[in-house]
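Only a predicted model underlies this, so the values are computations on that prediction, with no experimental measurement involved.
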Amino acid sequence: MRDATRRAVVWEALRAVLADRTAALGRETLDIVDAGGGTGGFAVPLASLGHVVTVVDPTPDSLAALERRAAETGVGVKGLQGDAADLGDLLEPGSADLVVCHSVLEYVEDPEGALRAVAGILRPGGVVSVLAANSVAAAVHRSLAGHFDEARRVLSDPSGRWGDRDPTPRRFSRETLAALLGAAGFAVGEVHGVRIFADLVPGMLAESDPDGLVALERAAATHPVLRDVATQIHVIAYREQTRTGAGERE
């Protein structure tokens, strides 16, 4: 159920981006890079829509699964082994219209450096779709589990972690994620909350009306209060037209 709600909200935003970019560029096919795209959960459907998609992922097993999924679907997706920070070494500057960067910034050594690498391969006006873990939600979830000290620690920890045993290296608030994107040369557009209610309501209730829950998640995704307590923050950001750098074109 969590995956269904996540995909519903994120896909709705991505479809709007695809429509906007194809209209602005006057072509139906976009060049898309999925950084950390794993087995192709987003990449393969994007390729099925006719776009040219490249997945960059550090795990050979994930890339092998991506190849199988693409073959079963009857689409072509290029897979390259590497980290988000390696994008500039693997791909040409200014070669992408859209970069998908989902559940990546939590784990890379240098999130800002990874976003700068993303900016380097985007064409001016290109778009990045960022999905990242929310520190505020982590505090809520730890408190609901009765771990009040850990919840308090999340709120004060610069990385949004609840302790040494926390499996997530870092989390972000809406403000810190926006600041990170701005520092990397992006203008922040729409911000969505993902899995606002899905991770809070009991599983039995979620399963009794999955369509209703998805509809609720869609309605709440851009609510100025509710989006900030979502498990994940989804940001659509744009490579600034005036940004210049090594290997980048005006």
Is any side-chain heavy atom of [X] closer than 4.5 Å to a side-chain heavy atom of [Y]?
X    : Y    : value
V128 : Y238 : no
V44  : V75  : yes
V53  : F42  : no
L80  : V55  : no

Donor-acceptor check, side chain of [X] to backbone of [Y], threshold 3.5 angstrom: yes or no?
X    : Y    : result
D209 : G212 : yes
D83  : P58  : no
R116 : A183 : yes
R170 : E106 : yes
S129 : I236 : no
R7   : G41  : yes
T22  : L18  : yes
E207 : L205 : no

query: With F197, which residues qualify under ring pair (Phe, Tyr, Trp, His ring centres under 6.0 Å), at least two apart?
result: none
Mind checking what makes salt bridge (charged side-chain N to carboxylate O under 4.0 Å, His left out) contact with [X], not counting sequence neighbours?
X    : result
D228 : R174
R15  : none
R227 : none
R153 : none

message: What verdict does the salt bridge (Lys or Arg N to Asp or Glu O under 4.0 Å) test give for E12 and R218, after you've listed the backbone C-alpha separation in whole Å, the side-chain angles of each residue and the deciding distance to 0.1 Å?
response: CA-CA 9 Å; E12 192 164 290; R218 282 179 171 143; 3.2 Å; yes
When rounded to the nearest 0.5 angstrom, what distance separates [atom1] in [X] from [atom2] in [Y]?
X    : Y    : atom1 : atom2 : result
I196 : L216 : CD1   : CG    : 8.0 Å
T29  : L49  : OG1   : CG    : 10.5 Å
H141 : D199 : NE2   : CG    : 5.0 Å
E112 : L105 : CD    : CG    : 11.0 Å

Please report the closest heavy-atom contact between [X] and [Y], naming both atoms and the distance.
X    : Y    : answer
A114 : V108 : CB-CG2, 4.2 Å
A85  : A117 : O-CB, 4.1 Å
G38  : D57  : N-OD2, 2.9 Å

field: Pairs touching residues 110-130 that satisfy ring pair (Phe, Tyr, Trp, His ring centres under 6.0 Å), sequence neighbours left out
entry: none
Going by the rule side chain to side chain donor-acceptor pair (under 3.5 Å), which residues pair with [X] if we only count those two or more places apart in sequence or in a different chain?
X    : result
R69  : none
E190 : H192
H51  : none

Joint cluster assignment, I32 & L122, ILVMFWY side-chain distance < 4.5 Å: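 Per the 4.5 Å side-chain linkage, I32 and L122 are not co-clustered.
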field: Residue pairs involving residues 157-167 (criterion salt bridge (Lys or Arg N to Asp or Glu O under 4.0 Å); sequence neighbours excluded)
entry: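 Checked against salt bridge (Lys or Arg N to Asp or Glu O under 4.0 Å) - neighbours excluded - the pairs reaching residues 157-167 are E150-R165, D166-R171.
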- request: For E175, look at atom CD and say whether over 12 heavy atoms of other residues, nucleotides or ligands are found less than 6.0 Å away.
  value: yes
query: Considering residues at least two apart in sequence or located in another chain, which fulfil the side-chain contact (heavy atoms from CB on, under 4.5 Å) criterion with V154?
result: S135, A138, A139, W162
message: Looking at R68 and E72, is any side-chain nitrogen of the basic one under 4.0 Å from a carboxylate oxygen of the acidic one?
response: no
- prompt: Would you call D97-R27 a salt bridge at under 4.0 Å N-O?
  reply: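 Salt bridge: yes.
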Linked hydrophobic residues, V140 as query - side chain contacts closer than 4.5 Å: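 Direct or chained contacts put V140 with L144, L200.
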Matching residue for V9 among L14, L131, V214, V194 - test: side-chain contact (heavy atoms from CB on, under 4.5 Å): V194
